[in-house]
Amino acid sequence: MSPPRKITKTGVGKDATSRRASAAKAPAPRADGSAARAAKAAKPAKAAKLAKTVKPAPDLLAVRAQIDGIDREIQALIAERALFAHQVGKAKGKLAAAVDYYRPEREAQVLRRVVDRNDGPLSDEVLVRLFREIMSACLAQQEPLKIGYLGPEGTFSQQAVHKQFGHSAKGLPLESVEEVFDEVASGAADFGVVPVENSGQGTIQSTLDLFLTSPLMICGEVELRVQQYLMSRTGHIEDIERVYSHGLSLAQCRNWLRKNLPGVDKQAVASNAEAVRRAKKSDDAAAIAGENAAHVYGMKVVAGPIEDRSDNTTRFLVIGRASFPPSGNDRTSLMVSIRDQPGALYKILEPLARRGISMNRIESRPDHGALWQYAFFIDVGGHAEESPLLDALAEIDRYAGDVRVLGSYPLAVP
Ligand SMILES: O=C(O)C(=O)C[C@]1(C(=O)O)C=C[C@@H](O)C=C1
């Protein structure tokens, strides 16, 4: 579905026409010359049928001519989209900064539609990545967003930043998760991306604890498949006498390390990228980090992926200073302070359960305010501005008290 082409400057029609003319001459894989439109319109069964009717590539030059034509069309459409995105920006009025133009709920809706429309051959993940980059570039026309993360460059946190905000955002590598919170709170960063949970290792308590004293809101979540690689200067496993990595990464590879590097010294450091920087100093050291870190720091991959669980995934939270409207498929994180009274937690959970609100997570942490008091972090389905969660929160507020909405945000897209 393309928007009305009022502001077309790029001559889509001309390119498409000349391509179609040459396609008519060449024995092309797709006779109408419009692979993009055919794929978009096709239902899964139709797509399969279409794939079967595609004849083997006739000759390299003819197929490349097809690709050139499609590229011209894609490029023209991207330019056209960027102009419309710019218009949307203007429609929002004169806003102070890039952060005010960002709409995570709208981006989530756009990406969900991309997934719904996808009939292959590219995976949902690949298409989401491409569209995320397009939106990232469209938004950066005003001014790129500044995103704080646990640096240095090459960490999984940086990958999570790219996954959520695309490469047109400006990443700010920081020294600790605390610093990410501070830079967002001060306005030096527009948003921050912080790790909160790993599929194998559970919650990262130190991140949760920062919410106890921070006024920041949760505006999004990112799920990242984490693949760990062992890397060193020489690339030879027999040279390794020490392995550096973040404590969580060492834990994710515990079995592999026990089996393949028994007796080797394992040292936990502040981040995986820091581990690579240390390992780069000597031939007998190695680091565990993402494969990208090997390219960034010029190291040789010794082995990988080496994580014990093949579905190893880390969940990151996007933190910011504002809340956003519902996207249609949201999660809400709550922080609840429980007074030492019988049934206090029940009084909070019961209004949620009665309305059929799903609860994905409940985690208790010592409340720093008072001895033996606990704060509960609870994730529930829905948005705090929409029923039934809106009504449940109003009831809890009246009868049980001490509930803070940390944020309502779109569920992670693949
Ligand atoms: O729809 C908007 O509000 C836009 O600004 C456009 C757009 C996009 O490119 O689709 C760009 C940035 C926003 O974060 C969301 C969407």
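Every number for a ligand or one of its atoms is a count from 1 in the order of the listing.
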Partners passing side-chain contact (heavy atoms from CB on, under 4.5 Å) against Arg106 (at least two apart in sequence or in another chain): Arg103, Gln109, Val110, Arg113
What I want to find out is whether Arg365 reaches Asp209 closely enough, with some N-O distance under 4.0 Å, to be called a salt bridge. yes
If you apply the rule ring pair (Phe, Tyr, Trp, His ring centres under 6.0 Å), what do you find for Phe316 with Phe156, and how did you get there? CA-CA 10 Å; Phe316 294 80; Phe156 288 116; 8.2 Å; no
Set of residues satisfying salt bridge (Lys or Arg N to Asp or Glu O under 4.0 Å) with respect to Arg129, sequence neighbours excluded: none
Set of residues satisfying salt bridge (Lys or Arg N to Asp or Glu O under 4.0 Å) with respect to Glu223, sequence neighbours excluded: none
Write out the protein residues near ligand 1, meaning a non-hydrogen atom under 4.0 Å from one of its atoms, in order of chain and number. Arg81, Val88, Lys92, Tyr101, Tyr102, Arg103, Arg106, Glu107, Met135, Cys138, Leu139
Between Phe324 and Tyr102, how do the two ring planes meet: parallel, tilted or perpendicular, split at 30° and 60°? perpendicular
